[in-house]
Enquirer: 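There's a structure below that I have some questions on.
Numbered from 1 within each chain, the chains take letters A, B, ... in sequence-line order. Keep in mind that what you see is a predicted model, and the values were worked out from it rather than measured.
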Amino acid sequence: MNRYRSHHNAELRKSDIGAQATLAGWVDVRRDHGGVIFIDLRDREGLTQVVFRPEENAELARQAHHLRTEDVIQVSGRVAPRIAGTENPKLATGDIELLPSSLTILNRAENLPFHLDDEVKNEDLELTYRYYDLRRPRLARNLRLRHRVTQAAREYLDAQGFVEIETPILSKSTPEGARDFLVPSRLAPGKFYALPQAPQQYKQLLMVAGVEKYFQIAKCFRDEDLRADRQPEFTQIDIEASFVRPEEIYALTEGMLAAVFKAARGIDVPTPFPRMTYREAVDTFGSDKPDRRFGMQLVDLADVFRGSEFKMFRGALDSGGVVKAMNAKGFAGITIGQVDELTAMAKQYGAKGLAFIKVENGEWKSPIVKFFTDAEKQALASKLSIEEGDCIFFAADRWEIATEVLGRIRLRIAEIQQLTASSDVLDFLWVTEFPLMQFDAAEDKWNAVHHPFTRPKADDLPLLEEKRYGEVRAEAYDVVLNGVEIGGGSIRIHEPELQAKLFSAYGVDEQQQQAMFGHMLRAFRLGAPPHGGIALGLDRLVMLICGELSIREVMAFPKNNRGMDLMSQSPAPAERRQLRDLRLRLAADERAQSESKSPPER
RNA sequence: GGAGCCUUAGCUCAAUUGGUUAGAGCGCCGCCCUGUCACGGCGGAGGUUGCGGGUUCGAGCCCCGUAGGCUCCGCCA
């Protein structure tokens, strides 16, 4: 037998005592007593203690003195019981230890850039040495959990008759949506591929192809600014099916998520998930992806202030707006700094200011209370269940602004009060009946909220004809987990006439339609079945399953805030020759910049 | 494009109101240590306080600029 190891490092037990074993792995830690030396040998499965005793093998002990953390070694020897009283219950292998008769140093580790057992906050450094950082048990566990998730999703979808089909990475730029990554074509000089923002068009064309049930664990690319939960390349579990109604997509998604959580966490997720319309979600939580793990719901106060003397509230109502409030329980101790922060937040989202009432020592403390009548106060107290120690926040504005302001403040207060910090609740929710279109004031045109292939609700087709675009609801839905949108989809348009009508509504004229979406419109004329689907953000989903706050923690090689891979130093300048092949020339000033930009020192 | 926070030893951090030679833990090097499991003990090396400028008798600390990082807004059909 000529193998590197006979067992992994979480395998040996009492029952192996007396046996010969060969182990391999990394030196996790050396405890050198001058005489006896202990090594914790680590591999991906766990730790085994290796003991070098000078009286048993002086030469090996001498070598073991020089072992350092993260050296890669192989040891062979006898499995022995630990001396009574020195067993380590924290280790699966804590009852035994290996007494080696041979030691091979497979590779030395030089000085380490950081310690794996520390919580390093210098993410820059961790990303530079990502291959080393990934040895951390937490990250290693995350990668393996991610594998469990994709594996469970594949098995589930396969069992439901879905076929995994790969779609092109070199594809075509789409005018709507996010900025595309472009790839210059050598064979067609001056022309560009785009990396897909999603396999949207391809999966619809697969429905026209008669596939009926498609899925893909698909890499997607969007050239936009990054966030903790946004990377330029990310992965979707992409699903499309023919002859389906939303109900079938809901049931399929619920079944898949239940299978995933069972496989990854051993949790039984109750299905079906509750549902809420977009309107209701924004009305009561100020968000289209409500976090319902805590209350603090928005309450409508139109009834209370319809005839009020208080000009701020009355004015908002008279001009078609709303007055809404929410009760932050036990938040009367709000600090001046927090008031300033929340007020700044309110202004950032378009409010003129932020009115609030603190309830302290039985007294309502606020500059606006003096404008309220007793009846108004009573109505407030009852509608908002106001008690000692509460803090009430008000917004009086257009519906969109008032709900968003209170929704954002609600989340910030929950953060300050740590309302979800220790929660292990998994609150799944469908948000339905999204608006189809949204007016973009900057562009002075209507855009698709979801994407231009989204089907309007049949009931709202007359509204579309009347060009009351803002009121048309879409056959679109999002699945939300604990206030995070983990997926979204819709039933699509399969009729060329309706699709063309919607393109026109989005400001895409006939000529552009042919140039950009001609293949879609032609496909729809060759017998396109009704179809619809959903896409789930795999990275976000795994992030939530792993209890992480950033998707970088569940990706093997993520990019930093500026979209750079610090490890490989990409993106990097192109060789002159590569540019020549592509018939590309850099503008002079950018060339100078690109050449002078050397990698950061390290 | 904008806002906030951050940048001191290889790593994590400290340094009173602007005041002597910028400290500690871990890591590293050397010596000691035979049952530890974050082993322990003694000693040592290691710093252009991100960079540039200013104020001051004196700046890690105050001011201006700049670079980088993170979070957020815009953006993300």
Enquirer: Report the base-pairing partner of rA3(B) (Watson-Crick or G-U wobble, both distances below 3.5 angstrom), or none.
Expert: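 Across all strands, the one nucleotide that pairs with rA3(B) is rU71(B).
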Enquirer: Which residue is it: Leu67(A), Val27(A), Val72(A)? I am looking for the one with a side-chain contact (heavy atoms from CB on, under 4.5 Å) to Ile105(A).
Expert: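 Among Leu67(A), Val27(A), Val72(A), the one meeting side-chain contact (heavy atoms from CB on, under 4.5 Å) with Ile105(A) is Leu67(A).
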Enquirer: To the nearest angstrom, how far is Lys90(A) atom NZ from rU36(B) atom C1'?
Expert: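 That distance rounds to 12 Å.
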Enquirer: With a 4.0 Å cut-off on N to O distance, would you call Glu70(A) and Arg108(A) a salt bridge?
Expert: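 No, no charged N to carboxylate O under 4.0 Å.
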Enquirer: Measure from CD on Gln200(A) to C1' on rC76(B) and round the result to the nearest Å.
Expert: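 Spelled out: CD on Gln200(A) to C1' on rC76(B) is 16 Å.
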Enquirer: Show me the protein contacts with nucleotides 29-31 of chain B, counting only N or O atoms at under 3.5 Å.
Expert:
{"residue": "rC29(B)", "atom": "OP1", "partner": "Arg68(A)", "partner atom": "NH1", "Å": "2.5"}

Enquirer: Please produce a list of atom pairs where a protein N or O lies less than 3.5 Å from an N or O of nucleotides 3-8 of chain B.
Expert:
none

Enquirer: Starting from P on rC73(B), measure out to CZ on Arg412(A) and report it in whole angstrom.
Expert: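 My rounded result for the distance is 13 Å.
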Enquirer: Using the six-membered base ring of rC33(B), report whether His33(A) stacks on it, requiring centroids under 5.5 Å and planes under 30° apart.
Expert: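 Not stacked by the 5.5 Å and 30° rule.
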Enquirer: Rounding to an integer number of Å, can you tell me how far Arg562(A) CZ sits from rU71(B) P?
Expert: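 Result: 13 Å.
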Enquirer: Where the side chain of Asp225(A) is concerned, which of rG69(B), rG1(B), rA38(B) is the nearest nucleotide?
Expert: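 Closest of the options to the side chain of Asp225(A): rG1(B).
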Enquirer: Do Arg30(A) and rC39(B) share a donor-acceptor pair, side chain to base, under 3.5 Å?
Expert: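 Absent.
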Enquirer: Would you say the side chain of Asn88(A) and the base of rC37(B) hold a donor-acceptor pair, judged only by whether the two atoms sit under 3.5 Å apart?
Expert: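 Between rC37(B) and Asn88(A), which were checked side chain against base, a qualifying N/O pair under 3.5 Å is present.
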Enquirer: Between rC76(B) and Arg230(A), counting only base atoms on the nucleotide and side-chain atoms on the residue, is there a donor-acceptor pair under 3.5 Å?
Expert: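 Such a pair is found, so the answer is yes.
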Enquirer: List the residues meeting side chain to side chain donor-acceptor pair (under 3.5 Å) with Arg468(A), not counting sequence neighbours, and say none if there are none.
Expert: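 If we apply the side chain to side chain donor-acceptor pair (under 3.5 Å) test to Arg468(A), skipping adjacent residues, the hits are Glu466(A), Glu471(A).
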